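Below: one structure, written as structure tokens.
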Protein chains: 2
Amino acid sequence: MGKVGMKQLAEMIGMSASTVSRAFRSPHLVHPKTRERILQVARETEYIYDAAAGDFSRKISTVIGVLVPTTKRSLFSESLLAIQDKTQEKNFSVIIGNTKYDSAVEAHLLKQFQGRRVAGMILTGFGLGHEKLVEDIIKSGIPCVVIWEKLDSDVISYVGFDNYKAAYSITKYLISLRHRRIGLIIGPYSKMGRTRKRLEGYRAALTDHGIAVDMSLVVEKDLDLLEGKQGMIRLLGLEQPPTAVFAASDTLAIGALAGAREMGCRVPDDVSLVGFDNIEFAAYCEPPLTTIRIPAYQMGQLAVRTLLEIIEKGTPETHQYCLETDLIIRDSCAEFKS
Amino acid sequence: MGKVGMKQLAEMIGMSASTVSRAFRSPHLVHPKTRERILQVARETEYIYDAAAGDFSRKISTVIGVLVPTTKRSLFSESLLAIQDKTQEKNFSVIIGNTKYDSAVEAHLLKQFQGRRVAGMILTGFGLGHEKLVEDIIKSGIPCVVIWEKLDSDVISYVGFDNYKAAYSITKYLISLRHRRIGLIIGPYSKMGRTRKRLEGYRAALTDHGIAVDMSLVVEKDLDLLEGKQGMIRLLGLEQPPTAVFAASDTLAIGALAGAREMGCRVPDDVSLVGFDNIEFAAYCEPPLTTIRIPAYQMGQLAVRTLLEIIEKGTPETHQYCLETDLIIRDSCAEFKS
DNA sequence: TTGTAGGCGTTATCAG
DNA sequence: CTGATAACGCCTACAA
């Protein structure tokens, strides 16, 4: 059974390849009867449309590239899922790359995507410091939309949220509970713009409420459970431990919870704790975690819509959406007394 | 700066396109000096190799398709991560699809991958009942390797583990702790082969130890936290509740933990609990969960290696690897007394 | 070691 | 509405 292509298909029916092609891509241009027959025979012969060749011929592909720091973070996966859902509807394919927060890998994958002539890209958490790189790609004719970060550039499209504001608000919540010594366990802000915004939000909330920022209460940790645990242990071991802790990701927070247990410290009785992200597990730990909800799915969805729009129009334009986050109050905080 | 292609590049240097092509793909066939110069100019002009065109021309692509039920399950992501790591080394791209356990979507994506002329596919948890589909694709000339399941077919390559055996062993562990009424909270085994194997392992362990299987202790639930919680509540509400529960995924188990708390039931004092998967959170819940470790990363890694090998050789061959799982004992089980 | 020519499967363009 | 033809960017014989 030698692979059938359009040509073979056309021959079988006694028709030109062009007509067959049209039957698939512009059905309205071909006589219903003819089309019917074509589709019919296509089914019988199990003809498979060669998308690669089509893309190549049309000089615009139906593949979009998605860059994610790591699919292991469940919220990124959530965005990714949304991207795929939307994308499948339109019969686009998604090629994916994990950067692992490493900018060399980032650069490599970007090149790879360009080489594949993707129709567009969605860049996750591609924040501050990389504007130039993204701008160049856009200039080269490949539309990009950045998600997970509100950017300062006015030429790059994004669908993000305000990390600064969100961190500010949850810190403020802790302050409203009368806490004054508030610890922070946070990802590597020195190398990640997005994370840095959270740090800034935390600091601003403190100073705005007349609390001096004490950097000995800030621990910079990699983003995983163990590090969260260690961070908490360190904070709790301080001469004057904090009465509340803001872990700048739920993963860190859940690790912190374990750390508190290990130190014989009850949450929220002895120390209050908040997270950030509202991953699913946050509601199921003990105690359920107060945190910030991030509209991950929504971001992915909107990003695809935006990207596809730009691709279709064919004109470079920029759209920017800053979505809202919510404070989700559960049971991991108590009012500070003394 | 009109895009430079190979032709332009060649012209600039006063050389034919073929030589340029060779400089990239078969460096040894071109004079070092010439190659040097080509690479040099390529860099200067920021030439980007058109992988899409190359693939098309060569009639075999450097893209592999990966199908996953959902990237949200962290262990699938782990395999996915491994796949990408390995794949990047070889300069292959990964196109991805989430099936959401839906076989219509599965079929659609499979077609999409075929249409893109992928060089090969890695199918995750594409178990029992779909052998025919996979075999057809292999016959059509696209190598496939299935991961996450040990298959019975001897023509399909896989890198999996034995769900039956793993479930058997953890059930047996519970039995060794003198439990006799052992509940099971499990995913939709009626539609998922992989899950069904776990059910069978559980049943076999029971009967092999002279315990009658009581289907009222088996609850079939979708795979998420809430369902796990509900499952536990239901089991604990029984006239004669189980003294131990096997949740056939850690997600379910963590939900179950919350369910137990809600019923005022302590783990492991009042009821023992085990999970399956050993996701990262398992070690950080309260109490830390006894579970089965799945070599997710390793599976992804080995799958790529296997796939690439088959692709390179160009001859259809089948490799099958069944990896080991481990029982990870933590603090969620106690011996049954009375 | 390098150049020439033809081809990969589809689509766009231009006639008919 | 349908057909013929060139073209997309690169690769692979084959020839030099």
Side-chain angles (χ1 to χ4, degrees), chain A residues 2-39 41-42 45-63 91 93 114-119 140-141 314, chain B residues 2-39 41-42 45-63 91 112 114-119 140-141 314:
Chain A
K3 306 270 163 292
V4 300
M6 257 186 194
K7 212 152 186 177
Q8 288 77 322
L9 236 185
E11 246 165 38
M12 284 177 196
I13 318 187
M15 199 144 302
S16 82
S18 336
T19 307
V20 176
S21 169
R22 280 189 285 254
F24 288 107
R25 313 206 49 88
S26 343
H28 56 285
L29 289 183
V30 33
H31 192 97
K33 195 94 193 243
T34 325
R35 184 180 52 206
E36 185 63 27
R37 177 136 175 60
I38 294 175
L39 266 12
V41 178
T45 57
E46 294 184 348
Y47 163 70
I48 296 179
Y49 174 81
D50 187 330
D55 280 4
F56 174 59
S57 169
R58 215 172 319 123
K59 285 176 353 200
I60 92 104
S61 81
T62 48
V63 177
N91 253 297
S93 297
Q114 282 191 81
R116 294 248 169 241
R117 301 298 189 261
V118 297
S140 87
Chain B
K3 306 268 162 293
V4 301
M6 256 186 195
K7 211 154 186 176
Q8 289 75 322
L9 236 185
E11 249 165 35
M12 284 179 198
I13 319 187
M15 198 144 302
S16 83
S18 12
T19 307
V20 177
S21 170
R22 283 189 282 251
F24 288 105
R25 313 211 45 94
S26 343
H28 58 284
L29 289 182
V30 34
H31 191 97
K33 196 98 194 240
T34 324
R35 184 181 51 206
E36 186 63 26
R37 177 137 174 60
I38 294 176
L39 264 13
V41 179
T45 57
E46 293 185 347
Y47 164 70
I48 298 179
Y49 175 81
D50 189 330
D55 281 2
F56 172 59
S57 167
R58 214 172 323 125
K59 287 176 354 199
I60 100 101
S61 79
T62 46
V63 177
N91 254 296
Q112 191 186 81
Q114 283 191 81
R116 295 245 169 244
R117 302 296 189 266
V118 296
S140 87

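Everything numeric here is computed off the predicted structure, so don't read it as measured data.
At the heavy-atom level, B:Tyr47 lies under 4.0 Å from the strands shown only through sugar-phosphate atoms.
Atom P of nucleotide C:dT1 and atom CD of B:Glu36 are separated by 15 Å, given to the nearest angstrom. Nucleotide C:dG3 holds its C1' atom 7 Å from the CZ atom of B:Arg22, rounded to whole Å. Atom-to-atom, CZ of B:Arg25 to P of C:dT1 comes out at 19 Å; the value is rounded to the nearest Å. Between the CD atom of A:Glu11 and the P atom of C:dG9 there is a distance of 13 Å, rounded to whole Å. Between the CE atom of B:Met15 and the P atom of C:dT1 there is a distance of 13 Å, given to the nearest Å.
Rounding to the nearest 0.5 angstrom, the gap separating the CD atom in B:Glu46 from the CD atom in A:Gln114 is 9.0 Å. The structure places CE of A:Met6 at 14.0 Å from CD of A:Glu11, a figure rounded to the nearest 0.5 Å.
Between B:Arg116 and A:Val63 the shortest side-chain heavy-atom distance falls below 4.5 Å. Here the side chains of A:Arg37 and A:Ile13 are in contact, with some heavy-atom distance below 4.5 Å. With a 4.5 Å cut-off on side-chain heavy atoms, A:Asn91 and A:Thr62 do not count as touching.
With B:Thr45 contributing its side chain and B:Val41 its backbone, the two residues share a donor-acceptor pair below 3.5 Å. Looking only at distances, a side-chain donor or acceptor of B:Ser61 sits under 3.5 Å from a matching main-chain atom of B:Ala119.
For B:Ala42, the side-chain contact (heavy atoms from CB on, under 4.5 Å) partners two or more places apart in sequence, or in a different chain, are B:Leu9, B:Phe24, B:Tyr47. Listed by chain and residue number, A:Ser93 satisfy the side-chain hydrogen bond (donor to acceptor under 3.5 Å, both in side chains) test with B:Gln112 (two or more places apart in sequence, or in another chain). Remark: B:Arg117 engages A:Asp50 in a side-chain hydrogen bond (donor to acceptor under 3.5 Å, both in side chains) (not counting sequence neighbours).
When each of B:Thr19 and B:Arg117 is assigned the nucleotide of DNA chain C with its nearest heavy atom, B:Thr19 is the one assigned upstream, toward the 5' end.
Closest heavy-atom contact between B:Ala17 and B:Ala10: N-CB, 3.7 Å. Here the closest non-hydrogen pair linking B:Val30 and B:Ala23 is CG1-CA, 3.7 Å.
Applying the side chain to side chain donor-acceptor pair (under 3.5 Å) rule to pairs touching residues 15-26 of chain B yields B:Ser16-B:Ser18, B:Ser16-B:Thr19, B:Arg25-B:Tyr49, sequence neighbours excluded.
Near DNA chain C, defined here as any heavy-atom distance below 4.0 Å, the residues from residues 27-34 of chain B are B:Leu29, B:Val30, B:His31, B:Thr34, listed numerically. Contacts between residues 51-61 of chain B and DNA chain D, defined by a heavy-atom separation under 4.0 Å, are made by B:Ala53, B:Gly54, B:Phe56, B:Ser57, B:Arg58.
Put simply, chain A comes within 4.0 Å of DNA chain D, heavy atom to any atom, from D:dC1 to D:dG9, going 5' to 3'.
The overall bend of the helix from C:dT1-D:dA16 to C:dG16-D:dC1, read as the angle between its terminal helix axes built from five base pairs each, is 30° when rounded to 10 degrees.
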